[in-house]
*Asks:* 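Structure incoming, see below.
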Amino acid sequence: MDYKLKKVITRFAPSPTGPLHVGSARTALFNYIFTKQNKGEIILRIEDTDRARSKKEYEDGLISELNWLGLSFDEFYRQSERTAIYKKHLENLIKNEKAYISKEDAEKEGSRGEVIRFKNPNTKIKFNDVIRGEVLFDTTELGDFIIAKGLGEPLYHLAVVVDDFEMNVSHVIRGEDHISNTPRQILIQEALGFPRPVYAHIPLILAQDKSKLSKRKHGDSVSVKHYREQGILPQTMINFLALLGWNPGDEREIFSLDELVSIFDIKKVQKGGAVFNPEKLDWLNQQYLNNLNREEKADKIKEYLAKHKEGWLKSPVLGNPVFIDLIVERIKKWGDIQELVKNGELDYFFEAPTVQADKVPWFKNPDIKSTILHLSKASDIINGLGNTDWDVKIIKDKLMKYADERGRGEVLWPLRYALTGREKSADPFSIAKILGKEETLLRWQKTTKELSEKIQGQDQAIG
RNA sequence: GGCCCUAUCGUCUAAUGGUUAGGACGUCGCCUUCUCAAGGCGGUAAUCGGGGUUCGAAUCCCCGUAGGGUCACCA
């Protein structure tokens, strides 16, 4: 009765019929945490009794995603390799008249003449769910359900019950969609004389429309792989999934897997389903992104840039810490780098921008002559800086001193625009630092020249 | 439809009979700023409805209602 006395053994039992679903990932996570908390063992069991729908590539994918998440398992089984065991128990059921071979109408396509049905004792089943409390079912309506297509072809309910027993599973933690399967499985357990594990049915993860997240209805966004490819960090995923349906009772919400193991409480898991909120996932990822060290950031930026702009990889800009910080500040996940590239927001770091002369002066005081003056003056200031002074703070201090005298917008807008050719961008100090003195001066001088020519043209036209 | 589960801001949730119903995401505003991003500060917003029980109900009970899950020779 008191499961604390028994060794805790849990299992995560996906069927390899598709990519790892975020809901399944959370089930795996809760199993994992619970197991570690109780110093137990966790089993990964591939439920591939449906030979037609199960695929090795999905199994590989499942394992790859679990690895990525950092969830490890103590034992591994495949149901397709255990048919002899199921057969033994099936024969036992038939011998004891708990199940029988049933002649069926084989007219329906895909159906066969004989299947094995469980002899339903038509009782009421009551079980205690860790999360929901007492649940009562009348099993009469279930009828004599089919537990195997044949002695060598067990179906889900039979395989689950046999395996949970054979593997000494003490706690079954699974999704709420299995709650109505539980009475059926308990019936089989009792017929076989097996002990009953502790059940915990965790709530479903819902889509925005509040229906169960399904690949069919909601596409790729249901898979862990999707978020992995978007550049969400595994630690973000773990943290986010844990927070979906659980909280520590106080206001903390950033937790590592290890921290979860110390503070998680399965009894505090919510009863109702939880909508998967991608905005919050992004926000959380941003928190984790910021805490990465420079090397990790630099490596990932290179990796994602390589996908879109291989030509940029040789640039020394990539190693510049100011550049790295600038990028990380502007993304929520690595995949956002693609957007940055696509929108041309990074071009000016790697090649001279196209500057439109009429956009150089600040709109509040579009005087070309003073704009030229500011550009030249700024060039002088920058030119006076030695190599050791080539630092964002120093560049900023020097330029700001001048900008404060002459009006910030009036000075800073042209400086920045001449450097980037964009109305929106990072500040001119950081960009100057990244570009280097020579390139910065070059861009300012080029713009100055263009503006001068423009003025001359105007003067001639007037004269 | 039968059975089962669930019900606090738009979303994730706190408050285990007594709180101005708290926090986070989003959103909005302000500050910081030449612009963008980041950051800081602040605002908006909820107890599904109706009956009980109680001095007192988001909290306990009943009835509705709504949403969801499940009803395979899938898992």
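Quick note on labels: first sequence line is chain A, next is B, and so on, each numbered from 1.
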*Asks:* Applying a 4.0 Å non-hydrogen cut-off, can you work out what A:His178 is touching in the nucleic acid: base, sugar-phosphate, or nothing?
*Replies:* base
*Asks:* For the residue pair A:Arg174 and A:Thr182, confirm or rule out a side-chain donor-acceptor distance under 3.5 Å.
*Replies:* yes
*Asks:* Using a strict threshold of under 4.0 Å (side-chain N to carboxylate O), is an ion pair present between A:Lys280 and A:Glu253?
*Replies:* yes
*Asks:* Between B:G23 and B:G42, how many Å separate the two P atoms, rounded to a whole number?
*Replies:* 10 Å
*Asks:* Any strand counts, and the cut-off is 3.5 Å on both contacts for Watson-Crick or G-U wobble. Which nucleotide pairs with B:C30?
*Replies:* B:G40
*Asks:* For A:Val275, answer base if it contacts any base atom (sugar-phosphate contacts may also be present), sugar-phosphate if it contacts only those atoms, and nothing otherwise; contact means non-hydrogen atoms under 4.0 Å.
*Replies:* sugar-phosphate
*Asks:* With side chains defined as the heavy atoms from C-beta onward, is the minimum distance between A:Arg422 and A:Asp347 less than 4.5 Å?
*Replies:* no
*Asks:* In whole Å, what is the span from the NZ atom of A:Lys124 to the P atom of B:G2?
*Replies:* 17 Å
*Asks:* Could you list all N or O pairs between the protein and nucleotides 26-36 of chain B that sit under 3.5 Å apart?
*Replies:*
unit_1: B:C34; atom_1: O2'; unit_2: A:Trp362; atom_2: NE1; d: 3.4
unit_1: B:C34; atom_1: O2; unit_2: A:Arg416; atom_2: NE; d: 2.9
unit_1: B:C34; atom_1: O2; unit_2: A:Arg416; atom_2: NH2; d: 3.4
unit_1: B:C34; atom_1: N3; unit_2: A:Arg416; atom_2: NE; d: 3.1
unit_1: B:U35; atom_1: O2'; unit_2: A:Glu423; atom_2: O; d: 3.4
unit_1: B:U35; atom_1: O2; unit_2: A:Arg416; atom_2: NH1; d: 3.2
unit_1: B:U35; atom_1: O2; unit_2: A:Ser425; atom_2: N; d: 2.8
unit_1: B:U35; atom_1: O2; unit_2: A:Ser425; atom_2: O; d: 2.9
unit_1: B:U35; atom_1: N3; unit_2: A:Ser425; atom_2: O; d: 2.8
unit_1: B:C36; atom_1: O2; unit_2: A:Arg330; atom_2: NE; d: 3.4
unit_1: B:C36; atom_1: O2; unit_2: A:Arg330; atom_2: NH2; d: 2.5
unit_1: B:C36; atom_1: O2; unit_2: A:Ser425; atom_2: O; d: 3.2
unit_1: B:C36; atom_1: N3; unit_2: A:Arg330; atom_2: NH2; d: 3.0
unit_1: B:C36; atom_1: N3; unit_2: A:Ser425; atom_2: O; d: 3.4

*Asks:* When all nucleic acid strands are considered with a 4.0 Å heavy-atom cut-off, which category describes A:Gln270: base, sugar-phosphate, or nothing?
*Replies:* sugar-phosphate
*Asks:* If we call it a pair only when both distances are under 3.5 Å in a Watson-Crick or G-U wobble match, what pairs with B:U47?
*Replies:* none
*Asks:* Rounded to the nearest angstrom, tell me the gap between atom CZ in A:Phe137 and atom C1' in B:G2.
*Replies:* 12 Å
*Asks:* Between B:U8 and B:C41, how many Å separate the two P atoms, rounded to a whole number?
*Replies:* 29 Å
*Asks:* Expressed as a whole number of Å, how far does the C1' atom of B:U44 sit from that of B:G22?
*Replies:* 16 Å
*Asks:* Mind calculating the distance between CG (A:Leu206) and C1' (B:G69) to the nearest angstrom?
*Replies:* 10 Å
*Asks:* In whole Å, I'd like the distance from the CZ atom of A:Phe127 to the P atom of B:C4.
*Replies:* 11 Å
*Asks:* With no hydrogens and no angle check, just 3.5 Å: does a side-chain donor-acceptor pair link A:Tyr227 and A:Asn285?
*Replies:* no
*Asks:* Would you mind checking if A:Glu47 and A:Arg78 are paired as a salt bridge, meaning a charged N to carboxylate O distance below 4.0 Å?
*Replies:* no
*Asks:* Look through every strand shown and name the nucleotide pairing with B:U59 as Watson-Crick or G-U wobble, where both distances are under 3.5 Å.
*Replies:* none
*Asks:* Roughly how far apart, to the nearest Å, are B:G39 and B:U32 at atom C1'?
*Replies:* 8 Å
*Asks:* With the side chain counted from C-beta on, respond yes when A:Val198 and A:Val172 share a heavy-atom pair under 4.5 Å apart, and no when they do not.
*Replies:* no
*Asks:* Please give, in whole Å, the distance from B:A7 P to A:Glu176 CD?
*Replies:* 10 Å
*Asks:* Return the value, rounded to whole Å, for the distance between atom CD of A:Glu141 and atom P of B:G1.
*Replies:* 16 Å
*Asks:* If I pick the C1' atom on B:C63 and the same atom on B:C25, what distance separates them, to the nearest angstrom?
*Replies:* 36 Å
*Asks:* For B:G10, give its Watson-Crick or G-U wobble partner with both distances under 3.5 Å, or none.
*Replies:* B:C25
*Asks:* Any strand is fair game: report the nucleotide pairing with B:U16 by Watson-Crick or G-U wobble, both distances under 3.5 Å, or none.
*Replies:* none
*Asks:* Ignoring backbone atoms, establish whether A:Lys212 has a side-chain N or O less than 4.0 Å from OP1 or OP2 of B:U70.
*Replies:* yes
*Asks:* Distance check, C1' atoms only: B:G17 and B:C55, in whole angstrom units.
*Replies:* 11 Å
*Asks:* Please determine whether salt bridge (Lys or Arg N to Asp or Glu O under 4.0 Å) holds for the pair A:Asp397 and A:Lys393, giving the CA-CA distance in whole Å, both sets of side-chain angles, and the decisive distance to 0.1 Å.
*Replies:* CA-CA 6 Å; A:Asp397 284 351; A:Lys393 192 179 176 303; 3.1 Å; yes
*Asks:* Could a donor-acceptor pair under 3.5 angstrom be found where the side chain of A:Asn181 meets the base of B:A75?
*Replies:* yes
*Asks:* Paired with B:G1 by Watson-Crick or G-U wobble geometry, both distances under 3.5 Å: which nucleotide is it?
*Replies:* B:C71
*Asks:* Looking across every strand, which nucleic acid part, if any, lies under 4.0 Å from A:Leu284 by heavy atom: base, sugar-phosphate, or nothing?
*Replies:* nothing
*Asks:* Please give the distance between the C1' atoms of B:G10 and B:A45 as a whole number of Å.
*Replies:* 9 Å
*Asks:* Pair A:Lys55, A:Asp50 - check salt bridge (Lys or Arg N to Asp or Glu O under 4.0 Å), show working.
*Replies:* CA-CA 10 Å; A:Lys55 289 201 168 64; A:Asp50 186 341; over 6 Å; no
*Asks:* Provide the Watson-Crick or G-U wobble partner of B:U35, both distances under 3.5 Å; none if there is no partner.
*Replies:* none
*Asks:* Name the residue from A:Leu93, A:Thr49, A:Asp163, A:Ile116 that meets the side-chain contact (heavy atoms from CB on, under 4.5 Å) definition with A:Leu158.
*Replies:* A:Leu93
*Asks:* Which of the following nucleotides, B:C74, B:U6, B:C4, is nearest to the side chain of A:Arg132?
*Replies:* B:U6
*Asks:* Just the rounded figure in Å: distance from C1' of B:U16 to NZ of A:Lys271.
*Replies:* 11 Å
*Asks:* Can you tell which of B:C73, B:U70, B:G68 lies closest to the side chain of A:Lys149?
*Replies:* B:C73
*Asks:* Report the residue (A:Thr49 or A:Asp138) whose heavy-atom-nearest nucleotide on RNA chain B is the more 5′ of the two.
*Replies:* A:Asp138
*Asks:* For the residue pair A:Phe194 and A:His89, is the inter-centroid distance of their aromatic rings smaller than 6.0 Å?
*Replies:* yes
*Asks:* With ring centroids as reference points, do A:His178 and A:Tyr156 lie under 6.0 angstrom apart?
*Replies:* yes
*Asks:* Students often get this wrong, so: under 4.0 angstrom with heavy atoms, is A:Gly245 touching a base, only sugar-phosphate, or nothing?
*Replies:* sugar-phosphate
*Asks:* Taking atom C1' in both B:A58 and B:U47, what distance in whole Å separates the two?
*Replies:* 5 Å
*Asks:* A:Arg216 CZ to B:A75 P: how many Å, rounded?
*Replies:* 18 Å
*Asks:* Would you say a side-chain N or O of A:Lys210 is under 4.0 Å from OP1 or OP2 of B:A7?
*Replies:* no
*Asks:* Would you indicate which nucleotide in B:G22, B:C73, B:U70 comes nearest to any side-chain atom of A:Ile146?
*Replies:* B:C73
*Asks:* Between the protein and nucleotides 44-47 of chain B, list every N/O to N/O distance that falls short of 3.5 Å.
*Replies:*
none

*Asks:* Can you tell me which residue among A:Asp358, A:Val355, A:Thr371 is in a side-chain contact (heavy atoms from CB on, under 4.5 Å) with A:Leu451?
*Replies:* A:Thr371
*Asks:* Tell me which nucleotide among B:G68, B:A75, B:C12 gets nearest to the side chain of A:His157.
*Replies:* B:A75
*Asks:* Using the closest heavy atom to pick a nucleotide of RNA chain B for each, name whichever of A:Asp48 or A:Asn247 lands nearer the 5' end.
*Replies:* A:Asn247
*Asks:* Answer yes if the ring centres of A:Phe34 and A:Phe264 are under 6.0 angstrom apart, and no otherwise.
*Replies:* no
